[in-house]
There are 2 protein chains.
Amino acid sequence: MSSFRDIKADIIRRISGEEWTPGSRIPNEIDLARSYGTARATVNRAMAELVDDGIVERRRKAGTFVRDVPLRQVRLSIPIVRSEIEQNGASYRYVLLQSSIGPAPEWLQARLALPSTVEMRKLSCLHLADGLPYQLEDRWINLAATPAARSFAFDKTGPSEWLIRQIPFSEVEISFSAASAGPDEAHSLGCAVGDALFRIERQTYWTGQAVTFVRLWFHRGYRLTSRYGPGTDTQSAARTGRG
Amino acid sequence: MSSFRDIKADIIRRISGEEWTPGSRIPNEIDLARSYGTARATVNRAMAELVDDGIVERRRKAGTFVRDVPLRQVRLSIPIVRSEIEQNGASYRYVLLQSSIGPAPEWLQARLALPSTVEMRKLSCLHLADGLPYQLEDRWINLAATPAARSFAFDKTGPSEWLIRQIPFSEVEISFSAASAGPDEAHSLGCAVGDALFRIERQTYWTGQAVTFVRLWFHRGYRLTSRYGPGTDTQSAARTGRG
DNA sequence: TGGCTCCTTATGACTGGACATTATGATTGG
DNA sequence: CCAATCATAATGTCCAGTCATAAGGAGCCA
C-alpha cells in the first residue's frame, strides 16, 4: 500500500541509486501501478509532481524519461515589502518622497511599447524597517490603464499594495540585477554613491496593456534567499544581513 | 461539461470580477461540482492548482478562501551556465583558473557548520560567452562528502556539471545579492574594481551534510529575468544585456 | 471565564474504471 | 528511398464512489 508520496520518493530513490539512469526510460504507469499495488491515478499523480519538479520528462506514446540534467528551479515568493519587514520582526514605515503626473520617459516608452502620448503617475517611495531605509521604490503607473491612480493619494500606503488589489491577475515580467547607487539612491537609502545595490524591476501587463513599471532598490547588503529540495516544499525568505 | 482548466479559469474570472472578494469563502467542492456538472475530483484538481498558484487558501473543515493578498511567486530555473550561454546563441568556453586543496576558510566553516578539520577542494573557474567573461565561479567542495572530487581534474568541464550528476537531489539554499567587484573579480571578469555585480551564492546539502558551496559572480550588466502569470506557465531566461 | 471533549464538515487521498489525445514507429504506396 | 498513412501504446483527463484526516465549533464541565 503506497501513497503517491511514497511512490514519488521511491522513484527518486531509484534514480539517485542509479537504478534508472539519466536519459533512460522508466516503466509505464500500468506496470508501476501493478508493482506498487495502487491504482494508475496514484502513480500518475506522483509522476505529475516529478514532472513539475523537473526530474522526469513525459511524452505520450513515448513514455517517461529521467531528465539527462535535472532542471534546477527555485520558487521565489516575491514579498510585499511591508510583510517582509514585519515578518523579520521590525517595524514598518512608509514615506512618499515624490509624486507627479506626466508623459513617460523615453526609455520607459520603449521598454513598455507605449505611445508617447500616454500620461503616467510617477511615484518615489521609501520603505523603512525600524527607521532604517530598506527599499526605494520608483514607480510609474499608466493612467490610461488604471485611471483611478490619478487621484489616489498614496500617502499612507505604497502603490504596490494598492495595485495588487486593482489588478490581481496580471502578466508580469520580473528581473533581478545589480547596479551602482546614483546620488538619488545613495541619498534615500543612506549609502555611498557607487555602492552595489540589489535591484528588482517589474513590469506588469493586464489584457496585453502595460499597467505599471517599478524599480525596487534594496538597501546595501540585502539578499534574497530561498531553500529548495526534492522533499521540502520550497520556501523563500528575505534577509537583511545588515552589518 | 467543464474541464479542470475551465473551472480554474472560471474561478479566476469570478475572483477578478469581484464576485468572490479577497478574504471571502467560496463554495465547497460538492456544490461547485454540482454547479459545473463535474465530479468532485475535477473541482479538486482545479482548486489544487489555485492553491499552488497562491490564489486561494484551503483549510479542512473551514473551507476555501480567496487570499487577501495574492501570493506573488516566480519560478526561476537556475540554468547550467553552459546551456544558458549556448541558448543565447553564443559559443561557450571554460577555463580553470585555480585549484587547490586545504582546510575551509573560517567564514565558510561557520556558514556551513563544518568541523575545522575538513579538507576542501577549492576551484576558481571562468565561463566565457563568445570569448567574453560571463561568469566567475568560486567553488568549494567538501572532500569528506564527495571524495571523488579530490582527484578529478575539472580542466575540461566545470564542477557544476560534474556535481549535478554526483548529487542530483540535494537540499539547496540559494541567495541572490549584489556586491562590488574586488580586484580578483574585476581582473577575471574584465570590469573595474568597485563595479556592481550580480551574485548568486548556493550551498548544497546531501543527507544533512554540506557538500559544496559556490559563489557565482556574473558579468557587469547581467540580469536574471522571468515571466509569470495566471495563464502562462512560468518561464525564465537570463539575458546578458551587455552594452 | 477558560479549557476539555466530541461531533461534524470540508478537504485530501485513493480506487478501478473509462474515454481522449498524441506522437511514435511500422506499414504502405509512389 | 522517401513520404504519406494508420494502428497503437503511452500519457492525460475524468467519473462516481469510498475512506482518511484535520480542525472548527458546539456543548459540557470545572
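It should be emphasised that the depicted structure is a prediction, and the values quoted were computed from it without experimental measurement. Computed from heavy atoms alone, side chains included, the values below leave out hydrogens, waters and symmetry copies. Per chain, numbering begins at 1; letters A, B, ... match sequence-line order.
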> Just how far, in rounded Å, is C1' of D:dA23 from CD of B:Glu57?
Replying inline: 15 Å
>> Nearest whole Å is fine: how far is C:dT11 C1' from B:Leu50 CG?
In response: 14 Å
> Within the structure, does a side-chain N or O atom of A:Arg59 lie under 4.0 Å from either OP1 or OP2 of D:dT11?
Replying inline: no
>> Given D:dG24, D:dT8, C:dA13, identify the nucleotide with an atom nearest to the side chain of B:Lys61.
In response: D:dG24
>> Is there a side-chain contact between B:Thr64 and the phosphate of C:dA10, meaning an N or O under 4.0 Å from OP1 or OP2?
In response: no
> Rounded to the nearest Å, what distance is computed from the CG atom of residue B:Asp31 to the C1' atom of nucleotide C:dT9?
Replying inline: 12 Å
> Are OP1 or OP2 of C:dC14 and a side-chain N or O of A:Arg45 less than 4.0 angstrom apart?
Replying inline: no
> At under 4.0 Å, does any side-chain N or O of B:Ser3 touch on OP1 or OP2 of D:dC14?
Replying inline: yes
> In whole angstrom, what separates B:Leu32's CG from D:dC15's P?
Replying inline: 14 Å
>> Pick the closest DNA chain C nucleotide for B:Ile30 and for B:Ala41 by heavy atoms, then say which residue is nearer the 5' end.
In response: B:Ile30
>> So, does B:Arg60 get its side chain near the phosphate of C:dG12, meaning an N or O under 4.0 Å from OP1 or OP2?
In response: no
> Salt bridge between B:Arg13 and B:Glu19, side-chain N to carboxylate O under 4.0 Å?
Replying inline: no
> Parallel, tilted or perpendicular: which fits the ring planes of A:Tyr134 and A:Phe218, with parallel below 30° and perpendicular above 60°?
Replying inline: perpendicular
> Is the phosphate of C:dA13, meaning OP1 or OP2, less than 4.0 Å from a side-chain N or O of A:Thr42?
Replying inline: no
> For the pair made of CG in B:Asn44 and P in D:dA20, what is the distance, rounded to whole Å?
Replying inline: 18 Å
>> Measuring only between side-chain heavy atoms, which start at C-beta, is B:Arg121 closer than 4.5 Å to B:Phe154?
In response: yes
> Does a salt bridge link A:Glu29 with A:Arg58, judged by any charged N lying under 4.0 Å from a carboxylate O?
Replying inline: yes
>> I want to check one thing: is the phosphate of D:dT13, taken as OP1 and OP2, less than 4.0 Å away from some side-chain N or O of B:Arg5?
In response: yes
> Can you tell me if the side-chain N/O atoms of B:Arg40 get under 4.0 Å from OP1 or OP2 in C:dA13?
Replying inline: no
>> Distance check needed: C:dG16 P versus A:Tyr36 OH, whole Å only.
In response: 17 Å
> Can you check the A:Glu29 CD to D:dG12 P distance for me, whole Å?
Replying inline: 7 Å
>> What's the closest nucleotide to the side chain of B:Asn28 if the choices are C:dA10, D:dG12, C:dA13?
In response: C:dA10
> In whole Å, what is the span from the CZ atom of B:Arg58 to the P atom of D:dA23?
Replying inline: 15 Å
>> So that I can tick it off, tell me whether A:Asp53 and A:Lys8 are bridged by a salt bridge, with the cut-off set at under 4.0 angstrom between side-chain N and carboxylate O.
In response: yes
